[in-house]
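All remarks here apply to the structure that follows.
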Amino acid sequence: MKDYKDTLNLPKTSFPMRANLPKREPQRLKKWEDARLYERWLDKRKDSGKVFIVHDGPPYSNESIHLGHALNKIVKDFINKYKALKGYYTPFIPGWDNHGMPIENMVVRTDPEISKLLDDPRALKRPEVREKIRIKCRKYAEKWIKVQREEFMRLGVIADWDNYYYTMSSEYESKETELFADIVEKGFVYRGFMPIHWCPHCQTALAMAEIEYKEKISPSLWFILKVKEDKSGVFDGDIGYALVWTTTPWTIISNVALAFNPMFNYAVVEVDGVKYLLAEKLVERNAEELGWTDYKVVKIVKGSTLEGTVFQHPFFERDSVGILGDFVTLEEGTGIVHIAPGHGKEDYEAGKQYGLPIISPVDEMGVFTEEAGELFKGLTTEQASEKVVEVLKERNALLKIDKILHKYPHCWRCKNPLIFRATEQWFLSVDHNNLRQRALKEIEKVEWYPPDTKLRMLYSVAERPDWVLSRQRAWGVNIPALKCKNCGELILDPKVIRHVAKLFAKENSDAWHTHPVEDLVPEGFKCPKCGGNEFEKEMDILDVWFDSGVSSLIILDKPGLPWPSDVYLEGPDQFRGWYNSALMVAMALKGKSPYRVVVTHGWTLDEKGEPMHKSHGNVILPMDVIKHYGADTLRLWVAESNYMQDVRLGEEILKRATESYRKIRNTIRFMLGNLHDFDPTKDQVSLEEMLPVDRYMLHRLEELKAEVDKAYAAYEFYRGYHKIFDFMVVELSSFYLDLLKDRLYTWAKDSKGRRSAQTAIYHILRELLIVLSPLLSFTTDEAWEYLPGPKEEFVFLEDWPAEVPERRDEKLAEDFRRIIEVRDAVLLGIERARNEGILSDRLEARVEIFAADPELRDTLSRYLDQLYEVFIVSQQVELVDMRPQHKVVIDGEGFAVAIEHARGEKCARCWLWHEDIDQDGLCPKCRVALGKA
RNA sequence: AGGGUUAUAGCUCAAUUGGGAGAGCGCCAGACUUAUAAUCUGGAGGUUGUGGGUUCGAUUCCCACUAACGCCCCCA
């Protein structure tokens with residue numbers, strides 16, 4: 001038989017089947033860069049009158065990016081590219097957060113020069129040492145901005161990579177300082193006490209991350225406080241004592257209260273005629289500890305009734321008031337916690353709530369001051385503890401002293417035990433000017449994705465304490481506070497701050513260190529209290545959350561950019577972080593939320609749903625994925641995942657993503673291959689003239705576009721992706737493109753039928769590429785180059801495909817839904833006929849349909865000429881009047897299909913069977929195609 | 001201790017107000033060699049985390065538990 005293969009119109013394209021993304025993507029990036037894609041992308045929508053801003057939350061410029069960074073920037077890129085297609089002007093200015101502890105610690109620990117200087121830990125306080133540290137920190141941060149910038153770019157994220165913002169730039173530091181002045185001016189900032197972990201040896205405050213918990217032997221003592229005003233009559237008019245346990249006797253010096261849990265029952269226990277109060281459930285344990293052999297519980301009271309009961313401080317003329325706190329537990333002690341707001345976090349918070357005085361008579365070296373009184377003045381906390389025990393003994397207030405081995409915080413640097421010490425700090429009052437209430441109202445107006453995150457935000461604002469703005473660190477923007485040399489007054493004056501901000505703009509915040517104080521004070525400035533004109537610099541820096549919190553106010557305060565931004569999109573740790581600080585600052589300064597929409601993504605976990613840890617060996621780095629699979633594979637993973645929950649990544653998931661990618665790529669390739677001789681400006685067939693199945697597919701395309709648009713608009717990219725993917729696999733690859741092969745390959749090149757198919761493919765492919773471009777940016781733009789017809793140079797410069805109402809044809813769609821139902825039965829029948837040995841190839845099948853349902857019969861008869869193509873069988877489908885009696889009959893709802901072997905012979909060219917095959921082995925259709933009829 | 005989120009097939013995701021558990025991928029089997037390191041067809045695979053409750057009926061509503069995550073705390 002003659003070989004007619006060369007006469008077929010087989011697909012032809014140089015769009016490679018194998019993606020080779022790791023190699024090809026960098027070339028495309030280069031191309032985008034050379035073409036100044038970002039600028040052109042913006043220019044195109046500059047005058048549209050529609051702006052959409054995703055304001056980038058700055059990642060910390062430390063280390064290479066991890067998977068969470070990649071997820072974050074990729075989703076932002078989805079949004080930006082989608083919104084641009086929808087006609088929005090979408091500038092995206094990436095940012096970095098530079099100041100802060102991790103970098104400072106890294107420098108202090110690893111830089112040989114600095115480490116040497118810090119052999120004496122107190123050197124940290126010396127200005128010239130701080131200055132050195134800051135210079136190294138700047139260098140370090142700079143280096144990582146560069147690295148991360150490259151890595152983010154490699155993800156295919158479109159952004160203003162040349163004009164990024166970073167919080168240590170002089171411009172940023174200066175503007176931030178000005179904004180700080182505004183906040184001070186509006187009265188939000190006050191000076192207050194805050195107990196913090198303090199190392200008496202290094203004479204410095206320590207952050208959580210710098211604390212090591214180690215075993216330590218401490219005293220363990222039980223002491224008593226005599227009741228003074230028994231308001232609720234707990235002791236029935238008798239003398240009674242509250243029994244308290246502690247491991248830090250020196251803090252008793254600052255005791256002002258006793259805390260009870262309102263939910264517990266407390267027992268009054270009588271021992272040798274003396275009444276003691278403690279938690280009911282702990283009576284037995286304490287009796288054992290204290291060696292009470294003969295005791296009885298004489299009364300039980302609710303913890304909640306003990307509020308306001310006044311006790312006598314064990315050795316000072318001071319009251320110790322009963323207060324209530326949930327934090328009191330039954331794990332240890334007596335269920336009564338001694339409260340010294342100057343020496344404990346919970347103590348401090350409880351104290352604040354009850355308006356208790358904060359007594360903190362310990363200086364920087366951990367030595368008691370004048371305030372502690374003659375007895376304790378000049379003693380270290382250790383010495384004071386011994387003295388307290390002595391005093392308690394003298395006063396018969398000590399029931400027992402023992403030793404206990406427990407975990408206690410130690411300084412990571414000098415390894416000495418820490419103390420908790422109240423220090424003076426700058427605070428931002430969350431309730432000044434009704435800030436909290438206004439913020440809560442504003443939260444209601446913001447759109448939260450996923451929706452339940454609104455509640456989370458409401459909680460985190462409703463419950464947040466005042467914001468401690470000051471930090472005792474080196475690497476940050478200094479708070480331009482002055483101390484009057486004459487009267488000691490601490491001055492935070494907007495005039496001074498603004499003066500300093502100007503200096504920062506010229507240099508940077510190092511100026512606070514490098515300039516003498518005279519340069520930092522405006523001309524003629526005098527101490528508001530005493531009129532003095534000699535000052536000292538304070539060295540506290542601003543909390544880094546203030547740095548990033550003001551970012552929108554700095555970055556979006558440029559011509560052409562709107563404020564507030566449209567979207568903030570970050571991980572769930574930002575409810576107490578950036579979402580919160582940004583809202584507070586914006587509410588304080590502008591009375592408005594800095595974001596209209598907040599989208600929160602989940603954490604990235606490993607395949608088993610566990611967090612990635614170096615020690616677990618389950619860390620997957622985005623750059624490794626890119627090196628092996630390419631950025632589009634990583635993007636596909638983001639696209640298919642519901643990122644608003646925690647997302648998982650592992651070997652299998654990557655393998656599936658790769659396979660999905662291949663399927664998409666191949667389907668695109670096949671469509672491109674079949675357009676190789678199609679010029680849409682010349683060869684298009686009008687909608688009316690197109691074949692029904694082609695029109696049906698355009699109808700489906702319209703539905704798909706609308707669904708995807710809706711999903712993207714709700715930031716549910718994974719929904720859109722799955723719709724597109726299913727469409728490509730189910731409707732294109734295995735249905736439509738499969739059935740078109742006969743028409744595309746074997747019909748005459750210029751035949752209406754073939755051009756009709758190409759017209760449909762052209763529109764489907766073109767619009768799919770656009771719709772997919774925010775997700776699979778590299779691949780869609782690569783394929784875009786091969787697409788025939790007029791087009792923008794880059795797919796991202798196109799518009800979102802407009803709705804084409806004429807393509808919508810509900811009647812046609814309904815018809816095809818029925819036809820596809822029949823098709824399913826036909827496929828089943830062919831499979832059975834195969835098993836029966838009746839045929840081996842689909843094309844050997846001949847189909848008869850008995851439609852009992854008259855409506856179906858009508859439908860089928862209207863499309864009778866199309867059916868063999870839709871079913872991919874040979875020969876005209878026949879409608880019969882009775883249920884056929886063939887060997888293979890499949891019954892459907894209201895119909896039955898019969899499969900038998902086709903009649904005649906197989907055409908040598910198109911492989912369809914026909915009863916009229918000529919001597920060359922050709923069927924009539926192929927004779928026409930070859931011009932032989 | 002506490003308040004929050006999540007839990008559907010090996011993987012990624014669906015299931016309109018409570019009404020017959022689905023898709024794709026993967027796996028197994030087959031077909032084709034005219035998308036060929038491709039394409040097509042069929043099949044297996046789930047007690048919807050566990051246990052209760054409301055209901056004629058629950059993946060869906062309520063309660064408890066378990067697990068994972070993160071928040072808070074790490075204390076006297």
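Here is the naming used below: chain letters follow the sequence lines, and residue numbers restart at 1 for every chain. Below, each value reflects all heavy atoms present in this structure, side chains not excepted, and no hydrogens, waters or symmetry copies.
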Proximity to the side chain of [X] - top-ranked nucleotide from [options]:
{"X": "A:Asn642", "options": "B:G42, B:A76, B:A14", "answer": "B:A14"}
{"X": "A:Ser840", "options": "B:G24, B:A76, B:A31", "answer": "B:A31"}
{"X": "A:Leu605", "options": "B:C40, B:C69, B:C72", "answer": "B:C69"}
{"X": "A:Ser734", "options": "B:U34, B:A23, B:U41", "answer": "B:U41"}
{"X": "A:Asp738", "options": "B:U5, B:U12, B:C40", "answer": "B:C40"}
{"X": "A:Glu652", "options": "B:A76, B:G30, B:G10", "answer": "B:G10"}
{"X": "A:Asn666", "options": "B:G70, B:U12, B:U39", "answer": "B:U39"}
{"X": "A:Trp911", "options": "B:U36, B:U34, B:A76", "answer": "B:U34"}
{"X": "A:Thr247", "options": "B:A76, B:U34, B:C69", "answer": "B:A76"}
{"X": "A:His722", "options": "B:U12, B:A31, B:G24", "answer": "B:U12"}

What's the gap between [N] and [M] when it is taken at their [atom1] atoms, as a whole Å value?
{"N": "B:A1", "M": "B:C72", "atom1": "C1'", "result": "11 Å"}
{"N": "B:U54", "M": "B:U60", "atom1": "P", "result": "15 Å"}
{"N": "B:C11", "M": "B:G3", "atom1": "P", "result": "31 Å"}
{"N": "B:C63", "M": "B:U47", "atom1": "P", "result": "26 Å"}
{"N": "B:A9", "M": "B:G49", "atom1": "C1'", "result": "14 Å"}
{"N": "B:A7", "M": "B:C74", "atom1": "C1'", "result": "29 Å"}
{"N": "B:G18", "M": "B:U39", "atom1": "C1'", "result": "43 Å"}
{"N": "B:U36", "M": "B:G42", "atom1": "P", "result": "23 Å"}

Would you tell me if any nitrogen or oxygen in the side chain of [X] comes within less than 4.0 Å of OP1 or OP2 on [N]?
{"X": "A:Arg464", "N": "B:C71", "value": "no"}
{"X": "A:Lys5", "N": "B:U34", "value": "yes"}
{"X": "A:Tyr745", "N": "B:A35", "value": "yes"}
{"X": "A:Thr667", "N": "B:A35", "value": "no"}
{"X": "A:Tyr459", "N": "B:C72", "value": "no"}
{"X": "A:Lys663", "N": "B:U39", "value": "yes"}
{"X": "A:Ser641", "N": "B:U12", "value": "no"}
{"X": "A:Arg719", "N": "B:A15", "value": "yes"}

Watson-Crick or G-U counterpart of [N], or none if no pair lies under 3.5 Å:
{"N": "B:G46", "result": "none"}
{"N": "B:C71", "result": "B:G2"}
{"N": "B:G10", "result": "B:C25"}

Rounded to whole angstrom units, what separation is found between the [atom1] atom of [X] and the [atom2] atom of [N]?
{"X": "A:Asp742", "N": "B:C40", "atom1": "CG", "atom2": "C1'", "answer": "15 Å"}
{"X": "A:Asp347", "N": "B:C74", "atom1": "CG", "atom2": "C1'", "answer": "14 Å"}
{"X": "A:Ile830", "N": "B:C32", "atom1": "CD1", "atom2": "C1'", "answer": "13 Å"}
{"X": "A:Arg576", "N": "B:U5", "atom1": "CZ", "atom2": "C1'", "answer": "14 Å"}
{"X": "A:Asp573", "N": "B:G70", "atom1": "CG", "atom2": "C1'", "answer": "9 Å"}
{"X": "A:Leu636", "N": "B:G24", "atom1": "CG", "atom2": "P", "answer": "17 Å"}
{"X": "A:Met612", "N": "B:C69", "atom1": "CE", "atom2": "P", "answer": "13 Å"}
{"X": "A:Leu739", "N": "B:U41", "atom1": "CG", "atom2": "P", "answer": "11 Å"}

[atom1]/[X]: more than 12 non-hydrogen atoms of other groups inside 6.0 Å:
{"X": "A:Lys749", "atom1": "NZ", "answer": "yes"}
{"X": "A:Lys12", "atom1": "NZ", "answer": "no"}
{"X": "A:Lys723", "atom1": "NZ", "answer": "no"}
{"X": "A:His901", "atom1": "NE2", "answer": "yes"}

Among A:Val244, A:Leu398, A:Thr334, which residue satisfies the side-chain contact (heavy atoms from CB on, under 4.5 Å) criterion with A:Trp222? A:Thr334
Ring geometry between A:Phe15 and A:Tyr786 (parallel below 30°, tilted from 30 to 60°, perpendicular above 60°): perpendicular
With sugar-phosphate meaning primed atoms plus P, OP1 and OP2, does [X] contact a base, only sugar-phosphate, or nothing at under 4.0 Å between heavy atoms?
{"X": "A:Ser733", "result": "base"}
{"X": "A:Arg909", "result": "base"}
{"X": "A:Arg669", "result": "sugar-phosphate"}
{"X": "A:Val244", "result": "nothing"}

A:Leu569 to A:Tyr579 - nearest heavy-atom pair and separation: C-OH, 4.1 Å
Of A:Gly333 and A:Ser660, whose closest RNA chain B nucleotide lies nearer the 5' terminus? A:Ser660
Using heavy atoms to find the nearest nucleotide of RNA chain B for A:Val730 and A:Leu455 separately, return the residue whose nucleotide is more 5′. A:Leu455
Regarding A:Asp573 and A:Arg576, does a basic nitrogen lie under 4.0 Å from an acidic carboxylate oxygen? no
Would you call A:Glu821 and A:Arg817 a salt bridge, using N to O less than 4.0 angstrom? no
N/O donor-acceptor pair, side chain A:Arg18 with base B:A37, under 3.5 angstrom: yes
Quiz question: going by heavy-atom distance under 3.5 Å, is there a donor-acceptor pair between the base of B:A76 and the side chain of A:Thr334? no
